[in-house]
Amino acid sequence: MTATTAPSSNGKVFDKSVGVAVLGMGTVGTEVLRLIAENPNAYANRIGGRIELKGVAVSDLSKPRPGVDPALLTDDAEALINRDDVDIVVEVIGGIEYPRKLILQALQAGKSVVTANKALVAAHASELGEAADKAGVDLYFEAAVAAAIPVVGMLRRSLAGDQIQRISGIVNGTTNFILDAMATTGATYEDALAEATRLGYAEADPTADVEGHDAASKAAILASLGFHTRVTFDDVHCEGITNITAEDIAAASEAGYTIKLLAICEKLVDENGNKSVNARVHPTLVPNEHPLATVDKSYNAIFVEAEAAGRLMFYGNGAGGAPTASAVLGDVIGAARNKVHGGRAPGENPYANHPIADFGEVTTRYHIDMNVVDRLGVLSLIADHFAKAGISLRTVRQEEAEDETVARLIVVTHEALEKDLRAIVTELEGTEDVLEVRSVIRLDV
Ligand code: HSE
């Protein structure tokens with residue numbers, strides 16, 4: 001922190017300034033720099049001191065960077081971090097190993113860090129949190145989950161007095177955009193993905209979006225904060241949307257459901273009162289009357305169920321440069337305020353340390369779409385398989401298939417253990433009567 005006497009637009013003179021270094025100038029970094037440049041007085045008044053941009057680290061110095069003073073650009077991120085006049089380091093590079101090294105260096109050097117990097121936080125929250133604690137500085141990552149939606153702050157602060165039971169979220173804008181476009185405009189998967197990429201929602205490698213990895217990182221962060229238990233990316237069961245077909249979407253719609261890729265974080269309590277937590281990402285049939293079903297385009301929403309607060313929903317822009325930069329700047333201002341006035345933001349606190357429950361132990365419901373041999377008694381034979389497994393059926397719908405020897409059977413089960421439902425699908429696949437299991441989608445809200 002350095003001394004300054006420059007007055008703000010309302011005449012107030014701030015005698016302190018906070019030095020900020022920005023690492024990365026992609027979609028998000030560019031918007032972070034725009035907000036810093038456009039709002040100096042508002043930020044100074046909110047902080048009680050001025051933000052001074054000390055440098056911007058980029059990988060390619062030869063690339064034109066309109067709107068940024070060339071004197072601020074450097075390709076030496078480490079030197080920038082270690083400058084004495086840098087108090088806060090903003091990491092918007094992406095990736096894991098390189099930013100991890102830089103963030104650890106920054107924390108060890110006593111700089112507070114703001115990162116938008118969900119993959120890094122989901123994999124290394126404990127190492128980063130410990131480094132921040134040791135140095136007595138802040139580690140903020142609001143933008144890592146659902147960009148502009150203030151869900152990290154909500155879990156860290158607003159709901160700190162409550163007991164969270166379940167968090168169900170649409171936390172990936174790209175996949176929500178794709179599923180919504182397929183359902184409402186009849187767009188192909190490929191066209192919808194290309195459009196999401198063009199609009200800047202998708203990751204550099206959109207595999208992370210469509211395979212559910214991006215949502216799994218966010219689920220790990222939400223579960224860690226919500227249940228005060230360290231949950232990492234590797235703990236999250238993850239299925240993406242690449243197997244969802246136009247036929248699945250049509251069948252869901254006919255039955256009154258919308259298919260969403262949900263990140264679900266749940267606290268389980270067994271018959272002896274023992275608690276465990278599970279986090280998972282998979283396509284889910286959401287009843288059309290549920291608030292999550294109405295979340296369209298690239299929007300995100302987080303549905304929280306807490307003991308005292310009841311049901312809460314947070315909705316908004318979960319991807320894109322400006323919405324992500326909004327969350328980053330919120331964190332920068334929080335960190336800057338702490339630099340000026342003292343104090344630290346609440347960090348993760350995994351004191352509860354619940355065991356991670358295997359996905360097989362989770363209760364869910366299955367929507368199974370299969371082709372069966374169209375002959376007398378086949379329906380009761382299939383029902384018999386479920387009955388023997390102790391799984392009760394909620395609805396059974398039979399439709400004609402193109403081939404008159406084949407019937408399409410759509411079965412929705414009542415609640416059962418994931419491992420039992422999985423076993424029955426394997427069993428059905430092995431019978432002569434079931435020609436093909438076309439799709440299995442869970443009902444899990
Ligand atoms: N690719 C992500 C999404 C961006 O589509 O939501 C925000 O993490």
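Each ligand, and each atom within it, is numbered from 1 in the order the structure gives.
- Between Asp444 and Arg365 there is no salt bridge, since no side-chain N of the basic residue sits under 4.0 Å from a carboxylate O of the acidic one.
- The residues lining ligand 1, counting any heavy atom closer than 4.0 Å, are Lys118, Asn172, Gly173, Thr174, Tyr201, Ala202, Glu203, Asp209, Asp214, Lys218, Gly318, Ala319.
- For Phe177, the ring-ring contact (aromatic ring centres under 6.0 Å, His included) criterion is met by Tyr201, not counting sequence neighbours.
- The residues Arg422 and Glu418 are annotated as salt-bridged, a charged nitrogen and a carboxylate oxygen being separated by less than 4.0 angstrom.
- Residues passing the side-chain contact (heavy atoms from CB on, under 4.5 Å) test with Asp358 are Glu361, sequence neighbours excluded.
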What donor-acceptor contacts under 3.5 angstrom involve side-chain atoms of residues 309-336, with partners at least two apart or in another chain?
residue, atom, partner, partner atom, Å
Thr324, OG1, Gly320, O, 2.6
Asp331, OD2, Phe141, N, 3.4
Asp331, OD2, Glu142, N, 2.8

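- A salt bridge links Asp133 with Arg344; the closest basic N to acidic carboxylate O contact falls under 4.0 Å.
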